Amino acid sequence: MRKSIVSVPKTSSASSGQTLDLQQIASVEISSEDAQHPFENALPGGKAGGWRAADPGPQVIRLNFDTPQAIRRIRLEFREDRVQRAQEFALFASSAAHPRREVVRQQWMFSPGNSAIEVEDYTVDLSDVLTLELEIDPGRHDKQAIASLESISIS
């Protein structure tokens, strides 16, 4: 009898509520990045100021997981304390079974001095996620606005 052991991708589970270590389990694709505000700053334990785009206009942050992930919670924090702007973001998840589906879409009006921080904390039930994509339109009608993300955590 001939035998060989094959490797089967295992689904990681964040059901324990533990935050996923994105630096260890994923790669990131980014449409633009300010060298002073890299994506790593937006991860748990990152530097203050988070991620910031180098170029104005809509931006994409795409997390590609090494193995399929079960995701139960997504927390995003945006901060804008310099200018008033209207922002919209959308979050998409992809798996082998579901090529790309929208998880959430949200709009927010930043107004320094009044509402400079947007925190969104979503409870989700996503299985076997291979890619999580965040599309940010930082100005909706103002294509000169710069996108930023203060923090992201996924569990």
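Position 1 is the first residue of the sequence, and the numbers go up from there. Since the structure is predicted, the reported quantities are computational estimates derived from the model, not experimental observations. Computed over heavy atoms, backbone and side chain alike; hydrogens, waters and symmetry mates excluded.
At least one donor-acceptor pair under 3.5 Å links the side chain of R72 to the backbone N or O of L126. Remark: side-chain polar atoms of E150 are not paired, donor with acceptor, to backbone N or O of S148 under 3.5 angstrom. Under a 3.5 Å cut-off, the side chain of S111 and the backbone N or O of N114 do not form any donor-acceptor pair. Panel note: side chain S127, backbone A70; no donor-acceptor pair is recorded below 3.5 Å. In this structure, the side chain of E133 does not engage the main chain of A93 through any donor-acceptor pair within 3.5 Å. Panel note: side chain Q24, backbone L20; no donor-acceptor pair is recorded below 3.5 Å.
Taking each heavy atom of S94 and R100 in turn, the nearest pair found is OG-CA, 3.6 Å. Closest approach of H37 and N41 over heavy atoms only: CA-ND2, 3.8 Å. In terms of heavy atoms, E77 sits closest to L149 at O-CD1, 3.5 Å.
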Legend entry - side-chain contact (heavy atoms from CB on, under 4.5 Å) between F92 and R101, intermediate numbers included: CA-CA 5 Å; F92 300 88; R101 65 179 184 243; over 6 Å; no
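Criterion: ILVMFWY side-chain heavy atoms under 4.5 Å apart, direct or through other members. Under it, L130 and I25 are not part of a common hydrophobic cluster.
Once rounded to the nearest 0.5 Å, the distance linking CD of E135 with OG of S31 reads 9.5 Å.
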